[in-house]
Number of protein chains: 2
Amino acid sequence: MTLGGNKLSTRTAVRSSRTRGGRRVYRPRVAVDRTSPVPLYYQLAQQLEAAIRAGELTPGTRLENEVELADRCGLSRPTVRQAIQHLVDRGLLVRKRGVGTQVVQSEIRRPIELTSLHDDLLAAGREPRTSVLELGPATADERVAKELGVPAGAEVVRIRRLRRTGDEPLALLTNYLPRDLIALTADDLTEHGLYELLRGTGVNLRIANQTIGARGATAAEARLLDERRGVPLLTMTRTAYDDKGAAIEYGTHVYRASRYSFALTLVER
Amino acid sequence: MTLGGNKLSTRTAVRSSRTRGGRRVYRPRVAVDRTSPVPLYYQLAQQLEAAIRAGELTPGTRLENEVELADRCGLSRPTVRQAIQHLVDRGLLVRKRGVGTQVVQSEIRRPIELTSLHDDLLAAGREPRTSVLELGPATADERVAKELGVPAGAEVVRIRRLRRTGDEPLALLTNYLPRDLIALTADDLTEHGLYELLRGTGVNLRIANQTIGARGATAAEARLLDERRGVPLLTMTRTAYDDKGAAIEYGTHVYRASRYSFALTLVER
DNA sequence: AAGTGGTCTAGACCACCGC
DNA sequence: CGGTGGTCTAGACCACTTT
């Protein structure tokens, strides 16, 4: 069934049943709006995700098969597959040929995303505060030059910030950016995350390479982070690239291990 | 053009040219084998990846547009898109609507995958050696029970291993598995990685939640790892799920930070 | 206006799984 | 064997970017 120009939504009732084998099959209530600019596959994916997070679709439940779901939604099977694939990629669903699609038996963590620490803290409701320790031109050493794809010795912008939540120091952030990429003031950086500022000037970050490790705090780091020298710190270095594949930012960050860790979800492809 | 039952490969010449704008466009040499059981999109993806890694397709190069590439390969556009999407997901290519597809300006790191440390070390050519410190039944405490989805106090299998490369201690691995999932011997674990053994018994791992942090070594850890007490260690806890969404393994690992770090590639979706 | 990727359709055949 | 997801086709129209 195709709605074509019909402006009404497609509505389907919720039905849950058992197959002959006794496994629970869930036929979610779904309604897509064909007048919305939001892609149909994305609407479907969001509704399925909402059902899972609301506990309507409980872990271990088998999802209705793709063909049937497509029929009920008035969508083609490829579109339904695209929606399900989106959730599989994010670790909420698991598919197996010849068997079906099931809800994963796990609490779902928000994976590490291409966001700044500032955004992460905001999202977690933990008011980030930033002190700008340094903001200005610097000479690219070999490492920075290689990561940013500029000649060694070229002038770049260096930013050093101390980030707190409440009054507790959390991390020491050092970033390098190509010169002339963006005009920044210390005030900007105090109020906003670096990635937020970059997005605001039309930079679209797409890919980042990260390395996560650990080491003891230097005396200077310890002083700034309100710790003792040698205390274990979590380190992260990251190079981020935009939608043209050009290097935008190279950063080396250290976090107080007692107050910060990385969570991520891996999905077999 | 469709080859149908034709057993010959589709061959296309390599052509590189410049558009009016002067940007380099690369038309890769591609050849798909329709008699192979390997999916067409995957064959194409592998050839594009090979071209990139071989430096034929250099960073910043713009890839031929999808329609043209599809024509030259004798494939449909959705199939070509699937191939390109595969590489975009892995961080080798970047796409932008209205612009095109470009090779990312970065050295490509192999992202963290759903593999064991044993496999990683093997792949890196750094001969892993394993000592089994413990292998046997244990009682699930609250944490383990929650992660594995069993009742608190239930019997599970606990494995403790020390992993070395050459003679250098590298990591201390503690894993919990549901009872009766797999029959393991210390010999198995000395010779093979845990994930390899699981795969061998038909377990298909699909999803894992990981947390990465840091802390100082305890006295016991320091002794086993040939370090001093309090030295910074990198920690990773992971819960892995199979293709039915059931929890298979919960592990808490510590690594010598001086000899190990995690590398990963993030892709904006 | 021209060129690009983004979305979507309505089918088709196949491989794999469990009964 | 029937049911499931995996792959593939040959189009179509649209949104966005650049010229």
Side-chain angles (χ1 to χ4, degrees), chain A residues 1-5 10 17 19-23 25 32-45 62-71 73-88 93-102 202 204 206 242-244 269, chain B residues 1-5 10 17 19-23 25 32-45 62-71 73-88 93-102 202 204 206 242-244 269:
Chain A
M1 164 186 132
T2 302
L3 288 184
T10 305
S17 71
T19 61
R20 284 165 302 181
R23 283 194 303 275
V25 172
V32 296
D33 174 7
R34 301 191 87 99
T35 70
S36 161
V38 177
L40 301 178
Y41 83 89
Y42 195 77
Q43 291 184 39
L44 177 55
R62 215 154 65 83
L63 186 64
E64 175 179 24
N65 77 63
E66 297 175 351
V67 177
E68 200 180 299
L69 183 54
D71 273 355
C73 299
L75 297 172
S76 69
R77 187 179 160 210
T79 300
V80 169
R81 273 186 65 80
Q82 193 177 359
I84 293 177
Q85 186 61 48
H86 188 74
L87 299 180
V88 169
L93 295 176
V94 157
R95 276 201 284 213
K96 198 175 183 190
R97 189 193 319 214
V99 178
T101 304
Q102 296 188 28
N204 301 305
R206 281 295 162 79
D242 71 0
D243 51 16
K244 294 186 183 65
R269 294 177 187 282
Chain B
M1 165 187 131
T2 304
L3 288 184
T10 305
S17 71
T19 61
R20 283 166 303 182
R23 283 194 304 275
V25 172
V32 296
D33 175 5
R34 301 190 87 99
T35 69
S36 161
V38 178
L40 300 178
Y41 83 90
Y42 195 77
Q43 292 184 40
L44 177 55
R62 215 153 65 83
L63 187 64
E64 174 180 24
N65 77 62
E66 296 175 351
V67 177
E68 201 180 299
L69 183 54
D71 273 355
C73 299
L75 297 173
S76 69
R77 188 180 160 210
T79 301
V80 169
R81 273 186 66 80
Q82 193 176 359
I84 292 176
Q85 186 61 49
H86 189 73
L87 299 180
V88 169
L93 295 176
V94 158
R95 276 201 285 211
K96 197 176 183 188
R97 185 187 329 208
V99 178
T101 304
Q102 297 187 27
N204 299 304
R206 281 294 162 81
D242 71 1
D243 52 15
K244 294 186 184 65
R269 295 177 186 282

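First the proteins, then the strands, lettered A, B, ... as listed; each starts at 1. Note: hydrogens, waters and symmetry copies are ignored here, and every other heavy atom, side chains too, is used.
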Q. For A/Gln82 and B/Lys244, take the nucleotide of DNA chain C holding the closest heavy atom to each; which residue's nucleotide lies nearer the 5' end?
A. A/Gln82
Q) Looking only at heavy atoms, what is the nearest atom pair of A/Gly74 and A/Arg34, with distance? A) O-NH1, 3.2 Å
Q. Given atom CG of B/Leu40 and atom C1' of C/dA15, what is their separation to the nearest angstrom?
A. 15 Å
Q. Quick check: does any side chain N or O of B/Gln43 sit under 3.5 Å from a backbone N or O of B/Asp33, one acting as donor and the other as acceptor?
A. yes
Q. Rounded to the nearest Å, what distance is computed from the CG atom of residue A/Asp71 to the C1' atom of nucleotide C/dC8?
A. 16 Å
**Q.** Nearest-angstrom distance from the residue atom CZ of B/Arg34 to C1' of D/dT7
**A.** 11 Å
Q | Any donor-acceptor N/O pair, A/Arg206 side chain to B/Lys96 backbone, under 3.5 Å | A | no
Q) Out of curiosity, A/Thr101 OG1 to A/Ile84 CD1, how far, rounded to the nearest 0.5 Å? A) 5.0 Å
Q: Determine the minimum heavy-atom distance between A/Val25 and A/Leu63, stating which atoms define it.
A: CG1-C, 4.4 Å
Q: Determine yes or no for a side-chain-to-main-chain donor-acceptor pair under 3.5 angstrom, with A/Gln102 supplying the side chain and A/Arg95 the backbone.
A: no
**Q.** Nearest-angstrom distance from the residue atom CG of A/Asp243 to P of D/dC16
**A.** 14 Å
Pairwise N/O distances under 3.5 Å, protein to nucleotides 4-6 of chain D:
| from | atom 1 | to | atom 2 | distance (Å) |
| --- | --- | --- | --- | --- |
| D/dT4 | OP1 | A/Asn65 | ND2 | 3.2 |
| D/dT4 | OP2 | A/Asn65 | ND2 | 2.9 |
| D/dT4 | O2 | A/Gly98 | N | 3.1 |
| D/dG5 | OP1 | A/Thr101 | OG1 | 3.2 |
| D/dG5 | OP2 | A/Glu66 | N | 3.0 |
| D/dG5 | N7 | A/Arg77 | NH2 | 3.4 |
| D/dG6 | OP2 | A/Arg81 | NH1 | 2.9 |
| D/dG6 | OP2 | A/Arg81 | NH2 | 3.1 |
| D/dG6 | OP2 | A/Arg95 | NE | 3.2 |
| D/dG6 | N7 | A/Arg77 | NH2 | 2.8 |
| D/dG6 | O6 | A/Arg77 | NH1 | 3.0 |

Q: Ignoring backbone atoms, test whether A/Ser76 places a side-chain nitrogen or oxygen under 4.0 Å from the OP1 or OP2 oxygen of C/dG11.
A: no
Q) How long is the line joining CD of B/Gln43 and P of D/dC8, in whole Å? A) 8 Å
